[in-house]
Protein chains: 2
Amino acid sequence: MNEFGLIGAYFARPARKALLGVGDDCALLAPPTDEVLAISVDMLVEGRHFFSGTDPRSLGHKALAVNLSDLAAMGAKPAWFTLALALPRVDEAWLAEFSSGLFALADAADIELVGGDTTRGPLTLSIQVAGHVPAEGALRRSGAKAGDDVWVSGSLGAAAMAVRHRSGDVVLPDEVLAHCAGRLDWPMPRLALGAHLRRHASAALDVSDGLVGDLVHICEQSGLGADLDWECIPVDPALQGIPEAQRRLAALSGGDDYELCFTANPKERQAIEVLSLSLGLPLTRIGVMRPGAGVTLRDINGCPVETGRSFDHFSSP
Amino acid sequence: MNEFGLIGAYFARPARKALLGVGDDCALLAPPTDEVLAISVDMLVEGRHFFSGTDPRSLGHKALAVNLSDLAAMGAKPAWFTLALALPRVDEAWLAEFSSGLFALADAADIELVGGDTTRGPLTLSIQVAGHVPAEGALRRSGAKAGDDVWVSGSLGAAAMAVRHRSGDVVLPDEVLAHCAGRLDWPMPRLALGAHLRRHASAALDVSDGLVGDLVHICEQSGLGADLDWECIPVDPALQGIPEAQRRLAALSGGDDYELCFTANPKERQAIEVLSLSLGLPLTRIGVMRPGAGVTLRDINGCPVETGRSFDHFSSP
């Protein structure tokens, strides 16, 4: 099977929304003229972002999910994506599973594959997504105001515990592992939440590298600091039996959760609580934006809590 | 230096055309409302698309150039690009050279870096470009008609000979090598040509994998065949001293030339010759589109000529 056969068998589907899809020098797209285009790209490398031997179906899902999460964090509606894929060899069973996981999520999120590139090389995936959003409604990181509440969706820490288990750092009981591995391998981008937040939030981002480190970006770009309350952090209930220091590290700096962290004027509290109920998704108020810089975290006695360090791709050998 | 420091030092520049550039979950772009968006992505892997130890400045240039070449082949005007980069380590001297080569071409082509991703991994680059083009003017591969002339820009074969020299297959004289290496390492996307061809060509693509193999895509998508005349193929004059069989292989199936191959109604001949003069770029008529399928090549006596096989990333171990 050559490069074009591979694309034809596993990745070329008739264009639905694109004017011209896979198979020419470029794809041709007609974005809505009353909105702006939101684009984001991520690269996933075997052994770095996912373990060697990862189930290809979950990998196809996750590679797209982490990009959709960026669209969600901007409040954008998914439209098109491209896939650049380096493969050590042509493994048709692997490709069938990978593309099946990829397209199941693509169909659910109503996003269309319009182009890509395949080549031989160490297993590496780069997906770029494009969506659209009303220009004034896009959720930038720079929009937080002093006094705004800090919120986070869902629960935190499970994905990071799955990473630690698979790395051999900890041993989780089977039922806890099953839950945590589900969060790590099958993240669900918070697209509906992001779309609704355009009316309520002042700033937002997705939690990919760890809550505290990611919130620092909102602080820096808004010229503010944030005070968080450890007792309020929605640590995943499945982590209940795990020692507090480990739970804290996982929830605050573990990353891979793909929840949304956002800020909103306190006047929005009731609307956000109604939104939480209508989406069936917990939305938890965890702190407040303040003048200054940096993120501080305090326990129930007002004592500072160690937050750990977010994931940095170049921090360790 | 961490991931964010690296991006800040080498890749973040203030947004000029984008509403929001590097540094948020997504970039925000406002494409012209009277044109459509053209996007393309390529992935370059060390040891596969470029030799280990390649001059990082030329690599920065080439990684963008091969993508701009896809926009040129569509007749699109460059606007924005993203860069996903896996690096084995942070090497600041390498990054400074790489980004300098990248931005020199980006500025020349008036295209803006609006987002990206950096991670640790085997050296791999994935660039995605976006441009815009009038919907009706885009140069699709499917537009050729029987009786159309087949044209190619510039000259062919030099880049492929540089690859063969560096692979140890052949030894080129120094001055020939210098010329061939320049074509391989510093390809110039034919953007001005592509923009003008919107008024004259019926189909176009860029020659990246080899003239014959690439022209097959126009044949397949237009439901036609093509007859080429070997005596007309503009083999790079620097290859004059090289045995005919090698020159032929390099010019017909060598790839990496990034010239444009296009088809046009014979009524366009004079306009295309004027265009060639005004651009200072040779445009050579090399054959004709015909009913049927496949590409045939004949010599001055009408005898079939062996065309070689285009590059396929999965054809060899």
Side-chain angles (χ1 to χ4, degrees), chain A residues 1-3 6 19-20 23-31 33 36-43 45 47-49 70-71 73-74 76 80 82-87 90 114-122 124 126 128 130-131 133 135 138-142 204-206 221 312-315, chain B residues 1-3 6 19-20 23-31 33 36-43 45 47-49 70-71 73-74 76 80 82-87 90 114-122 124 126 128 130-131 133 135 138-142 204-206 221 312-315:
Chain A
M1 169 167 282
N2 71 11
E3 183 179 353
L6 182 163
L19 301 177
L20 185 64
D24 213 304
D25 293 289
C26 295
L28 294 178
L29 315 173
T33 54
V36 298
L37 202 68
I39 64 169
S40 183
V41 62
D42 270 304
M43 182 176 258
V45 178
R48 189 83 192 162
H49 301 87
D70 285 312
L71 289 179
M74 213 78 196
W80 304 285
T82 61
L83 166 68
L85 182 59
L87 296 168
V90 176
V114 294
D117 193 18
T118 56
T119 185
R120 189 186 293 266
T124 306
S126 181
Q128 175 166 308
V133 58
L139 294 168
R140 302 176 181 220
R141 295 177 174 183
S142 56
L205 47 62
D206 68 324
Q221 295 194 27
D312 176 345
H313 290 292
F314 293 104
S315 65
Chain B
M1 171 167 284
N2 71 10
E3 184 178 353
L6 184 163
L19 301 177
L20 184 64
D24 212 305
D25 293 290
C26 294
L28 294 178
L29 314 173
T33 53
V36 299
L37 203 68
I39 64 168
S40 183
V41 63
D42 270 304
M43 183 177 258
V45 178
R48 189 82 192 163
H49 300 88
D70 285 312
L71 289 179
M74 215 77 196
W80 305 284
T82 60
L83 166 68
L85 182 59
L87 296 169
V90 176
V114 294
D117 193 19
T118 56
T119 184
R120 189 185 293 265
T124 306
S126 183
Q128 175 166 308
V133 60
L139 295 167
R140 301 174 182 221
R141 296 177 174 183
S142 56
L205 48 62
D206 68 324
Q221 296 194 27
D312 177 345
H313 290 292
F314 294 105
S315 65

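Hydrogens, waters and symmetry mates are skipped; everything else that's a heavy atom, side chains included, is used. The sequence lines fix the lettering, A, B, ..., with proteins before strands; numbering per chain opens at 1.
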Separation between CG (A/L83) and OG (B/S126), nearest 0.5 Å, reads 9.0 Å
Main-chain N/O of [Y] paired with [X] side-chain donor or acceptor, under 3.5 Å:
X     : Y     : value
A/R48 : B/A86 : no
B/S40 : A/D25 : yes
B/D70 : A/C26 : no

In terms of heavy-atom pairs under 4.5 Å with chain B, the winner among A/A138, A/P31, A/G23 is A/G23
Okay, A/A130 and chain B: the region with an atom under 4.5 Å from a heavy atom over there is neither
The interface call for A/L139 against chain B, heavy-atom contacts under 4.5 Å, is backbone
So, the part of B/A76 with a heavy atom under 4.5 Å from chain A: the answer is neither
So do [Y] and [X] actually touch side chain to side chain, heavy atoms under 4.5 Å?
X     : Y      : answer
A/V45 : B/R120 : no
A/M43 : B/L85  : no
B/L28 : A/L37  : no
A/V36 : B/L29  : no

For B/S142, the side chain to side chain contact (heavy atoms under 4.5 Å, CB included) test, sequence neighbours excluded, returns B/R140, B/Q221
Checked B/T82, B/D24, B/T33, B/L205 vs chain A; the most non-hydrogen pairs under 4.5 Å come from B/D24
Comparing B/A73, B/G47, B/G131 against chain A, the one with the most heavy-atom pairs below 4.5 Å turns out to be B/A73
Given side-chain contact (heavy atoms from CB on, under 4.5 Å), test B/M74 with A/L20 step by step and report yes or no. CA-CA 11 Å; B/M74 215 77 196; A/L20 185 64; 3.4 Å; yes
side-chain contact (heavy atoms from CB on, under 4.5 Å), that's the test. Do B/Q128 and A/D117 meet it? Break it down for me. CA-CA 10 Å; B/Q128 175 166 308; A/D117 193 18; over 6 Å; no
